[in-house]
Protein chains: 2
Amino acid sequence: MVDGRTRRRTDTRQRLYEAAMDLIAEHGFSATTVEDIALRAGVAKGTVYYNFPSKNALFEELLRHGVGLLTADFRAAAGGLAPPEAVLALIRAELAYIERHRSFAQLLLSEMWRTNREWHQTLQLLRGEAVDVIAQVLRRGVDEGHFDAALDVRMAAAALFGVCLVVAVDWLVFEPDRSLADVQGALITVIRARVGI
Amino acid sequence: MVDGRTRRRTDTRQRLYEAAMDLIAEHGFSATTVEDIALRAGVAKGTVYYNFPSKNALFEELLRHGVGLLTADFRAAAGGLAPPEAVLALIRAELAYIERHRSFAQLLLSEMWRTNREWHQTLQLLRGEAVDVIAQVLRRGVDEGHFDAALDVRMAAAALFGVCLVVAVDWLVFEPDRSLADVQGALITVIRARVGI
DNA sequence: TGACTTGTACTGACCAGTCAGTCTAAAAAC
DNA sequence: GTTTTTAGACTGACTGGTCAGTACAAGTCA
């Protein structure tokens with residue numbers, strides 16, 4: 001099933017994914033050259049074009065791959081839990097994902113709300129799937145009386161997704177030495193805190 | 001005092017600011033060409049270089065200008081209020097600012113956490129000034145017993161700043177027809193809501 | 001053998017930044 | 001008050017360089 005050829009090719013693609021992720025997160029899509037990606041992945045430029053039809057396509061598959069993993073993590077984290085615990089689990093899952101895929105998180109944050117790009121549509125769709133998992137949990141929480149009935153579920157889901165992203169990337173950029181557990185704790189305290197407004 | 005020359009030049013620079021803001025927000029810094037900016041502003045490419053030493057410098061001045069306005073709005077909004085009301089005022093100020101300067105908000109969200117850029121340092125500094133205004137209000141709120149003493153003030157400030165940005169840009173991109181007041185209300189409800197976790 | 005990879009060379013489009021020259025408001029000269 | 005000069009503001013063709021994508025001959029590996 002997993003013959004040597006396929007494994008080899010998968011490896012190459014994986015290395016290209018990672019290289020592209022790091023570079024695009026650092027410099028942005030336009031400022032990252034295909035040659036740089038190939039160099040960082042340790043392959044020839046031709047190999048990039050053997051494996052992907054274009055720079056855009058590489059990036060789009062990258063997005064699909066990365067967001068797909070996040071959505072899967074979300075589903076696994078929330079599955080079978082009561083809404084309050086599920087929300088906590090989702091926060092933990094998002095932070096853990098961001099720690100594991102730092103570059104990708106930065107990339108998402110930079111490109112998520114950028115319109116007028118070829119892959120904008122794709123990204124919106126993918127994001128929608130991830131945020132939907134959160135929204136479903138919140139909706140169930142409202143229905144079952146755990147959460148305030150006045151809650152705008154869609155907005156709350158987007159907000160929750162967004163805060164985690166922003167806080168986590170902030171942490172990675174400014175306080176990389178702080179532990180994930182600590183950040184997680186502080187963030188949950190912030191979300192929990194009655195700010196009394 | 002206001003001779004024709006200076007007025008003309010100021011106008012040109014203003015038009016260049018606005019054109020650059022819109023285009024960079026839509027396409028990103030690298031994907032926006034100086035020629036596009038000039039065209040949109042209705043001047044020749046050379047004029048851009050007559051008014052600014054480089055594309056980077058234009059963008060940096062743009063950032064300084066835009067974030068400066070936001071910080072000023074923050075200071076004006078929070079001034080003289082007790083912490084709980086000041087936090088509300090800050091949220092309103094940020095959303096109002098974002099509505100008034102849509103492109104700039106999108107631009108900020110995209111470029112804020114991008115490292116390895118010439119203007120990265122500048123942007124971090126500017127952001128720090130804005131977030132500091134929020135942090136000071138929160139600190140005072142903790143000291144005066146309005147807010148939970150366990151609050152990580154820096155993180156809370158960053159989180160608050162971030163949620164507003166994310167929620168507002170989300171709104172502009174996905175539900176532009178919804179009114180600002182409505183979004184404001186929903187966001188404050190979300191922040192207030194005991195999610196009971 | 002055939003799928004995959006390499007390395008090099010190339011093309012054509014595009015783009016940041018330059019520069020010699022034009023236009024015009026206003027200062028100077030008469 | 002009219003003419004001349006000056007300099008600030010602007011123009012757009014041009015340059016040097018970069019980069020996505022192509023082509024292909026030769027090499028590796030199952």
Side-chain angles (χ1 to χ4, degrees), chain A residues 1-63 107 111 116-119, chain B residues 1-63 107 111 114 116-120:
Chain A
M1 194 92 278
V2 199
D3 83 0
R5 280 203 266 272
T6 356
R7 150 160 305 136
R8 191 174 164 208
R9 190 163 185 187
T10 309
D11 280 1
T12 302
R13 289 174 67 97
Q14 189 59 39
R15 287 218 307 286
L16 283 171
Y17 273 156
E18 275 158 25
M21 201 114 90
D22 288 353
L23 291 171
I24 296 177
E26 253 183 86
H27 306 108
F29 177 78
S30 299
T32 300
T33 72
V34 172
E35 183 116 39
D36 287 344
I37 296 173
L39 236 60
R40 160 94 61 131
V43 304
K45 185 177 172 183
T47 306
V48 177
Y49 284 95
Y50 184 77
N51 284 280
F52 300 93
S54 70
K55 187 188 176 188
N56 263 306
L58 163 58
F59 187 56
E60 208 165 315
E61 285 199 38
L62 193 73
L63 289 175
L107 187 161
E111 308 291 347
N116 290 84
R117 281 289 209 190
E118 268 184 51
W119 26 261
Chain B
M1 199 84 285
V2 200
D3 88 3
R5 282 205 265 267
T6 19
R7 150 160 302 137
R8 191 179 172 201
R9 191 162 184 189
T10 309
D11 280 3
T12 302
R13 288 175 66 97
Q14 190 58 38
R15 288 218 307 285
L16 283 171
Y17 271 155
E18 276 157 25
M21 199 112 91
D22 288 354
L23 290 172
I24 295 178
E26 254 183 86
H27 305 109
F29 177 79
S30 299
T32 301
T33 72
V34 173
E35 183 119 38
D36 287 344
I37 296 173
L39 237 60
R40 160 94 62 130
V43 301
K45 186 176 175 184
T47 307
V48 177
Y49 286 94
Y50 182 76
N51 283 281
F52 300 93
S54 69
K55 187 187 177 189
N56 265 306
L58 162 58
F59 187 56
E60 209 166 315
E61 284 198 41
L62 195 73
L63 289 175
L107 187 161
E111 307 291 348
R114 178 157 292 154
N116 289 81
R117 281 290 208 191
E118 267 185 50
W119 28 261
H120 177 245

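Numbered from 1 within each chain, the chains take letters A, B, ... in sequence-line order.
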**Study point:** NZ/NE/NH1/NH2 to OD/OE distance under 4.0 Å, B:Arg114 and A:Glu111
**Key:** yes
Nearest-Å distance, [atom1] ([X]) to [atom2] ([N])?
| X | N | atom1 | atom2 | result |
| --- | --- | --- | --- | --- |
| A:Tyr50 | D:dG21 | OH | P | 18 Å |
| A:Leu16 | C:dT5 | CG | P | 9 Å |
| B:Arg9 | D:dA9 | CZ | C1' | 8 Å |
| B:Tyr49 | D:dG12 | OH | P | 16 Å |
| A:Leu58 | D:dG21 | CG | C1' | 14 Å |
| A:Glu118 | D:dA20 | CD | P | 14 Å |
| B:Phe52 | D:dC10 | CZ | P | 11 Å |
| A:Arg13 | C:dA3 | CZ | P | 17 Å |

Check your understanding: Checking A:Asn51 side chain against A:Thr47 main chain: does a donor-acceptor pair fall under 3.5 Å?
Key -> yes
Do you know the tightest heavy-atom contact between [X] and [Y]?
| X | Y | value |
| --- | --- | --- |
| B:Arg15 | B:Val43 | NH2-CG1, 3.6 Å |
| A:Ala41 | A:Leu16 | CB-CD2, 3.7 Å |
| B:Ala57 | B:Pro53 | CB-CG, 3.6 Å |
| B:Thr32 | B:Leu23 | OG1-O, 3.3 Å |

Exercise for review: Look at all strands and tell whether B:Val48 reaches a base, only sugar-phosphate, or nothing, counting heavy atoms closer than 4.0 Å.
Suggested key: nothing
For a quick test of reading the model: is some side-chain N or O of [X] closer than 4.0 Å to OP1 or OP2 of [N]?
| X | N | value |
| --- | --- | --- |
| B:Thr12 | D:dC10 | yes |
| B:Thr47 | D:dA9 | no |
| B:Asn51 | D:dA9 | no |

Scan nucleotides 21-24 of chain C against the protein and return all N/O pairs shorter than 3.5 Å with their distances rounded to 0.1 Å.
none

Exercise for review: Estimate the overall bend of the helix from C:dT1-D:dA30 to C:dC30-D:dG1 from the end axes over five pairs each, rounded to 10 degrees.
Suggested key: 20°
Review point. What string of B, S and - do you get for nucleotides 13-19 of chain D 5' to 3' if you count protein non-hydrogen atoms under 4.0 Å?
Key: ------S
Exercise for review: Would you kindly compare A:Asn56 and B:Ala44 by the position of their nearest DNA chain D nucleotide and give the one closer to the 5′ end?
Suggested key: B:Ala44
Point to revise | Validation row: A:Leu58, A:Ile37 side chains within 4.5 angstrom (heavy atoms) | key: yes
Review point. By ring pair (Phe, Tyr, Trp, His ring centres under 6.0 Å), which residues pair with A:Phe29, not counting sequence neighbours?
Key: A:Phe59, A:Trp119
Review point. Could you give the distance from CG (A:Leu63) to CD (A:Glu61), rounded to the nearest 0.5 Å?
Key: 10.5 Å
Exercise for review: Taking side chain to side chain contact (heavy atoms under 4.5 Å, CB included) as the test, write out the residues that go with B:Ala25, two or more places apart.
Suggested key: B:Ser103, B:Gln106, B:Leu107
Point to revise | Under the side chain to side chain contact (heavy atoms under 4.5 Å, CB included) test, residues paired with B:Glu26 that sit two or more places apart | key: A:Thr115, A:Asn116, B:Arg40
Review point. If you draw a 6.0 Å radius around CD in A:Gln14, do more than 12 non-hydrogen atoms from other residues or ligands fall strictly inside?
Key: yes
